[in-house]
Amino acid sequence: SPGRDEQVPPPSRWRPGTSTQVVEVADTTGVLANLARAYRSSELCDVVFVVRAPGDVSGEAEVQRVDAMGAVVAAQSPGLKALIYGDVRVGWFGASSPHGMLSEKAEVVVDLPSAQFSVASSLLPVPGFSKEGCSRWSAAEFRRLVEFCHTGQVSLVPGAAETLALALCAEHFAVANLIDICCHFI
């Protein structure tokens, strides 16, 4: 710390022609905050996921609707990209997709795994969790996954079955950074 009589030199300023060094600057906090705000207001959401309970094709059971910004979730998840934009090269179970690019708000149906769903997961077996009790995820985990894709944030309880269920949902839709986060707390 300079003394009272010492002058603090002014911060250096860029002057034309003085440097060829490239400086990369990122404002990820502002970008994520803006995405989160747009997502939470549904202002720019162009996709609605219709999440159905296992085996309900009649539409009689209650469904949950999850709004999303298609391009944002597609960028985060190859599985959701396939559902939204109809990538036929990727075979994701239990979903129907619109064809081609979106021109208006599209509905994408997501059927939740049934109790008989057999998880071929690298996350199982996990000490303290039964494969039968945690081999499925719910609409709540799907909603949390979509929110994470928009905000980069998730609340977890270390060691909880819900954390494993969210990790399984993230694994199913190939959201690698959410899988890593959840696995840290399983």
Side-chain angles (χ1 to χ4, degrees), residues 28-42 45 47-57 60-84 90-97 107-186:
T28 55
T29 304
V31 170
L32 282 175
N34 291 335
L35 279 174
R37 189 173 20 267
Y39 165 68
R40 290 187 178 119
S41 73
S42 297
C45 293
V47 173
V48 61
F49 292 101
V50 179
V51 185
R52 300 188 304 195
D56 176 42
V57 291
E60 293 175 13
E62 184 176 338
V63 298
Q64 284 200 27
R65 300 173 66 81
V66 180
D67 286 336
M69 290 184 279
V72 174
V73 294
Q76 295 291 326
S77 165
L80 294 175
K81 178 182 177 183
L83 291 177
I84 296 167
V90 183
W92 299 91
F93 84 90
S96 60
S97 170
E107 284 194 358
V108 178
V109 176
V110 176
D111 289 320
L112 296 177
S114 68
Q116 293 79 34
F117 174 61
S118 173
V119 176
S121 171
S122 61
L123 301 176
L124 298 172
V126 174
F129 294 99
S130 73
K131 186 171 181 175
E132 292 74 32
C134 290
S135 63
R136 28 182 270 184
W137 37 270
S138 70
E141 280 81 33
F142 184 79
R143 181 178 297 279
R144 291 175 68 203
L145 176 135
V146 169
E147 184 165 341
F148 175 82
C149 288
H150 289 90
T151 66
Q153 299 175 345
V154 65
S155 297
L156 299 171
V157 177
E162 293 82 10
T163 300
L164 178 58
L166 181 59
L168 293 171
C169 182
E171 184 180 52
H172 177 77
F173 290 106
V175 182
N177 45 355
L178 183 55
I179 296 168
D180 292 344
I181 291 169
C182 290
C183 286
H184 184 75
F185 292 98
I186 294 177

Which residue pairs pass the side-chain hydrogen bond (donor to acceptor under 3.5 Å, both in side chains) test when at least one of the two sits in residues 142-160, sequence neighbours left out?
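Every pair satisfying side-chain hydrogen bond (donor to acceptor under 3.5 Å, both in side chains) with a residue in residues 142-160: Arg40-Glu147, Gln64-Arg143.
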Partners of Arg65 by side-chain contact (heavy atoms from CB on, under 4.5 Å), sequence neighbours excluded?
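So Arg65 forms a side-chain contact (heavy atoms from CB on, under 4.5 Å) with Val48, Val50, Glu107.
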With a cut-off of 3.5 Å and sequence neighbours excluded, list every side-chain donor-acceptor pair involving residues 66-77.
residue : atom : partner : partner atom : Å
Asp67   : OD1  : Lys105  : NZ           : 3.4
Asp67   : OD2  : Ser42   : OG           : 3.4
Ser77   : OG   : Gly79   : N            : 3.3
Ser77   : OG   : Leu80   : N            : 3.0
Ser77   : OG   : Phe173  : O            : 2.4

Anything under 3.5 Å between a donor and an acceptor, one on a side chain of residues 176-186, the other on a protein residue two or more places apart or in another chain? List them.
none

For the atom pair CD (Glu171) and CG (Leu168), what is the distance rounded to the nearest 0.5 Å?
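It is 6.5 Å, given to the nearest 0.5 Å.
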Among pairs that include at least one residue of residues 149-159, which meet salt bridge (charged side-chain N to carboxylate O under 4.0 Å, His left out), considering only residues two or more places apart or in two chains?
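Those involving residues 149-159 do not exist here.
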In sequence, state the C-alpha distance, the side-chain angles, and the governing distance for Val109 and Arg52, and then conclude on side-chain contact (heavy atoms from CB on, under 4.5 Å).
CA-CA 7 Å; Val109 176; Arg52 300 188 304 195; 3.4 Å; yes
